[in-house]
Amino acid sequence: MTDLSLDAEQLDRYSRHIIMDDVGPEGQAKLLDARVLCIGAGGLGSPIIQYLAAAGVGTLGIADDDVVERSNLQRQVIHGDADVGRPKVDSAREFVERQNPDVLVEPHETRVTKDNIESLLDEYDVVVDGSDNFATRYLVNDACTLAGVPFSHGAILRFEGQITTFSGDSPCYRCLFPEAPPAGTVPDCATAGVLGVLPGTVGCIQATEVVKLLLDYGETLDGRMIFYDAADMTFDEIRVEPRPGCPVCGDGDDRVDSIADVEYAETCAI
Ligand SMILES: [Zn+2]
């Protein structure tokens with residue numbers, strides 16, 4: 001791939017990437033050729049979509065079945081006041097079209113479920129999970145790991161966030177957290193609140209990880225999880241080790257072959 005594959009406007013738009021030896025015209029061409037699926041166009045999805053589109057990730061799938069609510073606007077920065085009541089995928093697509101005409105948005109106005117996730121994964125190179133619930137989080141982990149698709153995980157509540165990256169191999173999210181906590185024991189943003197800028201930080205780290213995965217550059221968070229505390233302004237890190245007998249990424253007899261038999265409700269237990 002040579003820089004001749006980039007036109008004059010692209011050479012200008014991405015010039016700060018192109019002058020970096022670590023990206024260059026070849027790296028930019030990789031980004032333009034890439035297909036990324038963003039699950040959720042909310043608090044985390046907003047900065048993820050914004051920065052991946054600005055970076056010239058050529059095809060962005062956006063899966064979300066919600067409409068914009070006024071209470072979203074304190075943190076979901078790709079949506080505006082005039083978008084209240086509209087599907088988030090429509091608002092997100094218009095945002096990207098204004099930002100960067102190089103990017104093709106593929107809107108999926110649907111909830112990601114075990115009935116549709118495998119066909120979605122077939123279409124994309126990397127997944128970034130900006131969902132806000134345990135059922136989707138476990139579903140994304142299980143489907144991506146079984147299909148070998150790398151994905152970025154992020155989660156937020158009040159002043160705290162966590163981020164990691166999984167290679168689509170081992171370890172996986174279930175190595176850390178085999179099952180979701182029982183319903184009602186962990187509050188969500190709707191009941192406990194979230195600092196409006198928090199998803200900006202967490203989503204930007206996720207977008208950074210996606211760009212590095214696409215460029216195959218640097219050290220990702222594969223095998224590490226970051227805990228960010230915005231109140232204390234601290235970043236802590238733990239190792240993420242493969243858990244022997246993990247039913248999703250392990251090689252034991254009880255490894256699941258398919259997500260079809262897993263019930264993604266309550267504790268998402270296998
Ligand atoms: Zn695992």
Side-chain angles (χ1 to χ4, degrees), residues 36-40 44 48 63 111-157 160-183 185-186 188 202-203 205-206 208-210 212-214 216 218-228 235-270:
V36 173
L37 175 64
C38 182
I39 297 178
L44 294 171
I48 291 165
R111 187 168 189 82
V112 175
T113 68
K114 65 181 179 181
D115 296 325
N116 62 22
I117 191 167
E118 286 164 322
S119 60
L120 282 170
L121 295 189
D122 281 346
E123 303 291 318
Y124 296 96
D125 308 315
V126 173
V127 169
V128 53
D129 182 9
S131 68
D132 61 357
N133 64 86
F134 285 106
T136 305
R137 194 166 297 154
Y138 280 84
L139 175 66
V140 169
N141 175 76
D142 298 354
C144 285
T145 304
L146 291 173
V149 176
F151 68 103
S152 160
H153 158 82
I156 52 171
L157 188 69
E160 296 174 16
Q162 64 185 40
I163 316 102
T164 186
T165 300
F166 295 107
S167 64
D169 186 11
S170 180
C172 77
Y173 186 74
R174 281 192 193 269
C175 293
L176 269 177
F177 306 112
E179 295 179 8
T185 59
V186 175
D188 60 16
V202 172
I205 294 173
Q206 291 186 267
T208 308
E209 290 286 280
V210 170
K212 284 158 53 191
L213 284 170
L214 297 175
D216 193 20
E219 293 291 328
T220 69
L221 287 171
D222 189 25
R224 298 182 285 153
M225 178 176 273
I226 286 178
F227 294 94
Y228 169 50
F235 288 85
D236 293 315
E237 184 180 306
I238 61 164
R239 299 295 308 171
V240 181
E241 305 283 356
R243 184 169 58 88
C246 175
V248 175
C249 74
D251 50 13
D253 294 339
D254 51 357
R255 176 174 171 150
V256 294
D257 297 322
S258 155
I259 57 173
D261 302 327
V262 183
E263 191 53 57
Y264 291 95
E266 302 294 326
T267 61
C268 304
I270 293 184

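All residue numbers in this chain count up from 1 along the given sequence. Every number for a ligand or one of its atoms is a count from 1 in the order of the listing. In what follows, every heavy atom counts, from backbone to side chain, and hydrogens, waters and symmetry copies are set aside.
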Would you call the rings of Y173 and Y138 parallel, tilted or perpendicular if under 30° counts as parallel and over 60° as perpendicular?
perpendicular
Should L176 and Q162 count as side-chain neighbours, where that means a heavy-atom distance under 4.5 Å?
no
Taking the side chain as every heavy atom from C-beta outward, state whether I270 and D142 have any atom pair closer than 4.5 Å.
yes
If only side-chain N and O atoms count, and only distance matters, is there a donor-acceptor pair under 3.5 Å linking D129 with S131?
yes
Trace of the side chain to side chain donor-acceptor pair (under 3.5 Å) decision for E209 with S152:
CA-CA 7 Å; E209 290 286 280; S152 160; over 6 Å; no
Near the Zn ion (ligand 1), meaning under 2.8 Å, how many protein N/O/S atoms are there?
4
Where is the tightest heavy-atom contact between P150 and D125, given as atom of each residue plus distance?
CD-O, 3.6 Å
